[in-house]
J.: 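This is the structure I have questions about; it appears just below.
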There are 4 protein chains.
Amino acid sequence: MSSRTPDRTPAEPVTPPGDDRGLRADARRNRERVLRTAQRLFAAHGLGVPLDEIARRAGVGPGTVHRHFPTKEALYLAVAIDRIRRLVAEGEALAGTGDPAALFTLLSRMTASGAENAAVKSALAAAEFDLRDAAPDAAADLTHQVARLLDRARRAGVVRHDVTADEVMAIVAGAFAAIRHAGEDAGQERSAHIAGIILDGLRPR
Amino acid sequence: MSSRTPDRTPAEPVTPPGDDRGLRADARRNRERVLRTAQRLFAAHGLGVPLDEIARRAGVGPGTVHRHFPTKEALYLAVAIDRIRRLVAEGEALAGTGDPAALFTLLSRMTASGAENAAVKSALAAAEFDLRDAAPDAAADLTHQVARLLDRARRAGVVRHDVTADEVMAIVAGAFAAIRHAGEDAGQERSAHIAGIILDGLRPR
Amino acid sequence: MSSRTPDRTPAEPVTPPGDDRGLRADARRNRERVLRTAQRLFAAHGLGVPLDEIARRAGVGPGTVHRHFPTKEALYLAVAIDRIRRLVAEGEALAGTGDPAALFTLLSRMTASGAENAAVKSALAAAEFDLRDAAPDAAADLTHQVARLLDRARRAGVVRHDVTADEVMAIVAGAFAAIRHAGEDAGQERSAHIAGIILDGLRPR
Amino acid sequence: MSSRTPDRTPAEPVTPPGDDRGLRADARRNRERVLRTAQRLFAAHGLGVPLDEIARRAGVGPGTVHRHFPTKEALYLAVAIDRIRRLVAEGEALAGTGDPAALFTLLSRMTASGAENAAVKSALAAAEFDLRDAAPDAAADLTHQVARLLDRARRAGVVRHDVTADEVMAIVAGAFAAIRHAGEDAGQERSAHIAGIILDGLRPR
DNA sequence: TATGAATGAGTCTTCATTCAT
DNA sequence: CATGAATGAAGACTCATTCAT
């Protein structure tokens with residue numbers, strides 16, 4: 001590349017960056033495709049999906065997967081962290097509204113099923129690896145976000161008092177599992193119903 | 001049982017037998033050891049534990065594991081079915097008491113953590129294979145048992161009306177996952193608390 | 001056994017003995033059943049048949065097979081030697097008739113298909129182990145028998161002169177293989193035809 | 001070929017390609033090495049040779065063998081099909097010469113021993129798996145080729161009339177077995193002699 | 001002695017990771 | 001940088017052989 005095109009990079013970080021800053025456009029596109037494909041496949045078939053399969057579905061070679069994610073665990077992590085970042089961002093936005101029931105809105109969104117959340121369901125519910133060990137920062141951010149909303153809800157009297165943010169997180173993970181247990185084919189409505197029942201347990205008696 | 005009815009079960013083992021009737025004494029002992037070891041290891045480390053590891057820990061050769069459980073899937077199943085059988089038996093006993101809240105007693109027992117239930121947690125929560133496909137009879141028995149108790153609880157007005165037996169099963173699976181998510185080290189009390197919150201969602205508003 | 005029944009063993013060796021002299025009646029019967037079953041299964045499915053399968057089909061436990069034939073190779077050998085012994089006996093009988101074409105009669109009988117010879121076909125044709133290494137005596141006996149008949153046929157001018165007994169043996173092995181290649185379902189007639197063509201090659205031009 | 005026809009095959013490899021077209025140079029080289037090693041070892045020690053041994057001798061890892069031949073059976077097949085392809089090609093060439101005795105030339109070549117044919121000997125003679133089931137096309141091609149030459153030989157009166165192409169194939173298989181039976185160490189001359197005697201059976205009486 | 005359960009070395013196969021093209 | 005072939009350490013499973021009942 002000639003020195004005539006130096007003005008390209010400074011404008012970059014519009015979208016929340018992963019670890020893909022400073023990559024060539026094609027490299028970034030590949031990283032993104034691998035990440036999305038991995039989310040889809042992990043969610044659908046568990047963490048046992050072969051990397052070669054992910055590479056094939058993403059339309060790249062296995063070597064490319066390893067260039068971006070040096071080990072399989074790194075790919076798990078990237079998938080989970082990516083989802084969590086989005087949830088934290090959502091929580092941030094909800095916190096801005098001042099709604100005392102924002103906690104439930106966030107939790108509902110988290111459990112609202114659909115392909116989008118499948119990866120989180122899988123990653124958290126499967127518990128085959130523990131996010132809190134692997135990506136303490138991201139997990140802490142999310143828990144912290146939840147803690148803020150929980151605090152507010154508590155002050156407004158819309159949530160029971162004997163529950164901690166950690167427990168809320170565990171219960172959300174449980175809701176994921178329940179939905180997943182109800183079956184892939186359960187449908188939005190059924191899933192929402194189940195999640196609703198579980199979240200109802202959080203309301204004051 | 002009073003000592004007045006000694007002619008009923010003298011030849012019968014006390015615990016409900018698995019598929020191990022008619023085996024030689026040593027074979028039954030080994031089968032049992034493998035099954036227990038598998039429960040423990042699956043619960044602790046997921047379904048990915050090598051069979052050779054299970055064999056080693058059970059103090060037998062890998063061939064012995066295969067004699068009793070021809071494939072790894074057969075071992076998963078045997079573990080899960082064994083646990084479910086016990087739950088069904090518990091449900092049977094509770095049904096006999098006439099307590100209208102027996103449903104919650106059973107669910108609490110199901111979720112009551114401890115090594116004993118760890119395998120069910122793992123087997124159901126992981127959902128890496130679906131019991132309802134693999135052992136329809138055992139799963140149906142359990143659901144049926146739950147349905148009976150749910151019906152009674154409904155008539156007594158101690159459970160919300162908009163929930164089905166299948167949904168209760170899903171919610172229990174969710175509670176397993178939540179407990180598991182809370183961590184191996186969470187302790188009985190904490191686990192019971194989380195399960196309690198989730199089950200509270202089932203009570204009438 | 002009391003000393004009052006010492007007259008039993010001397011009368012034994014009426015049928016050509018295997019290695020089963022001095023066995024109890026039931027033990028001998030088991031040995032025989034294993035041998036026949038092995039012949040049948042080796043012929044039908046090759047030397048790879050599991051010993052457990054042979055045991056099961058013979059209606060005995062695997063331990064019993066090993067009592068009589070300490071290794072699998074010992075069983076191969078016993079099967080092959082048994083067949084060869086019978087062929088040598090047949091050759092002996094034919095040699096007594098004085099028929100100059102007795103060689104062809106023997107060879108035809110050897111190739112005459114049917115279950116009876118299947119084991120030899122397998123054992124010789126497969127050549128997965130070499131009889132001449134493993135049971136030099138039996139093989140030498142048979143070759144020697146063939147040599148005698150070959151010599152006589154030669155003197156009568158009914159066989160080509162440029163062929164040795166070893167080559168005749170090889171050609172017979174070839175005929176076995178040809179019949180086997182023609183298919184299990186070929187039928188007596190077809191098999192005889194093929195064997196006939198091959199043996200015709202031995203006649204003087 | 002004279003130098004006057006250079007425009008026919010410039011871009012074509014000389015040996016008929018297997019399924020290795022379009023492979024990278026190193027991949028093709030490895031595939032070839034595995035194939036040749038497998039031919040050699042199958043011929044020398046039967047189909048029971050461990051894949052790991054083949055890999056080791058070929059100087060590749062076991063995974064590489066599986067990349068090219070996903071199962072062991074696929075490797076058997078590839079070996080056998082490769083040999084048959086060459087024989088069909090030879091038959092094709094011989095058919096072009098117009099020689100009425102071309103059948104015998106082809107059969108002699110087929111039976112001509114040496115390392116080259118060892119694999120076919122093994123594959124056909126062992127009959128542990130049936131080519132006609134596994135690779136009907138290749139086997140049919142060869143039989144068809146033989147049928148053509150047989151027909152021509154019959155019209156020229158150099159072969160007996162009561163023999164079919166299938167029987168010729170069986171007899172060739174028998175000749176393989178006979179040669180093999182005569183021993184690895186028999187030498188070209190001895191092998192040719194035995195094969196000659198067997199093929200003589202095909203000539204008119 | 002017969003049985004059949006147990007053993008454990010050995011087999012095929014998979015797949016995360018490395019490296020030549 | 002991307003590709004995809006190669007690697008090789010496991011993993012599930014088989015089966016000849018041994019040994020307790």
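Protein chains get the first letters and strands the later ones, always in sequence-line order, with residue 1 at the start of each.
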J.: Rounded to whole angstrom units, what separation is found between the CZ atom of Arg56(D) and the C1' atom of dT7(F)?
T.: 16 Å
J.: Return the value, rounded to whole Å, for the distance between atom CG of Leu75(D) and atom P of dT13(E).
T.: 10 Å
J.: In whole angstroms, how far is the P atom of dT14(E) from the CD atom of Glu53(A)?
T.: 13 Å
J.: On DNA chain F, compare the nucleotides closest to Gly61(A) and Gly61(D); which residue's is nearer the 5' end?
T.: Gly61(A)
J.: Using a 4.5 Å cut-off on heavy atoms from C-beta on, say whether the side chain of Val34(A) contacts that of Arg31(A).
T.: no
J.: Are Leu75(C) and Ile54(C) close enough that some pair of their side-chain heavy atoms sits under 4.5 Å apart?
T.: yes
J.: Taking only nitrogen or oxygen atoms into account, show me every contact under 3.5 Å that the protein makes with nucleotides 17-20 of chain E, one pair per line with its distance.
T.:
from, atom 1, to, atom 2, distance (Å)
dT17(E), OP2, Lys72(A), N, 2.9

J.: Hey, could you give me each pair passing salt bridge (charged side-chain N to carboxylate O under 4.0 Å, His left out) that has a residue in residues 57-70 of chain D? Not counting sequence neighbours.
T.: Glu53(D)-Arg57(D)
J.: Separation of Arg31(C) atom CZ from dA2(E) atom C1', in whole Å?
T.: 16 Å
J.: Look at Arg36(C) together with Glu32(C) and state whether they make a salt bridge at an N to O cut-off of under 4.0 Å.
T.: yes
J.: Whole angstrom is fine here: how far is it from CZ in Phe42(A) over to C1' in dA16(E)?
T.: 12 Å
J.: What is the distance from OH of Tyr76(A) to P of dA16(E), rounded to the nearest Å?
T.: 8 Å
J.: For residues His45(C) and Val49(C), report the shortest heavy-atom separation together with the two atoms involved.
T.: CB-CG2, 3.7 Å
J.: Minimum heavy-atom separation for Gln39(B) and Val79(B), please, with both atom names.
T.: CG-CG1, 3.4 Å
J.: Could you tell me the separation between the CZ atom of Arg33(C) and the C1' atom of dT1(E), rounded to a whole number of Å?
T.: 15 Å
J.: Treating a pair as Watson-Crick (purine N1 to pyrimidine N3 plus N6-O4 or O6-N4) or G-U wobble (N1-O2 and O6-N3) with both distances under 3.5 Å, list the stems of 3 or more consecutive pairs that involve DNA chain E.
T.: E:2-21 with F:2-21
J.: Expressed in angstrom and rounded to an integer, what is the separation of Arg28(B) atom CZ from dA6(E) atom C1'?
T.: 17 Å
J.: Would you say dA2(E) has OP1 or OP2 under 4.0 Å from some side-chain N or O of Asn30(C)?
T.: yes
J.: Counting just side-chain N and O atoms, does Arg67(D) come under 4.0 Å of either OP1 or OP2 of dG4(F)?
T.: no
J.: Which nucleotide in the set dA16(E), dA6(E), dA2(E) lies at the smallest distance from any side-chain heavy atom of Pro50(A)?
T.: dA16(E)
J.: Answer whether the closest heavy-atom distance between the side chains of His66(C) and Leu51(C) falls below 4.5 Å.
T.: yes
J.: Could you measure the distance from the CZ atom of Arg83(A) to the CG atom of Leu35(A)? Nearest 0.5 Å is fine.
T.: 9.0 Å
J.: Less than 4.5 Å apart, any side-chain heavy atom of His68(A) and any of Thr64(A)?
T.: yes
J.: Toward the 5' end of DNA chain E, which comes first, Val49(A) or Thr64(C), by nearest nucleotide?
T.: Thr64(C)
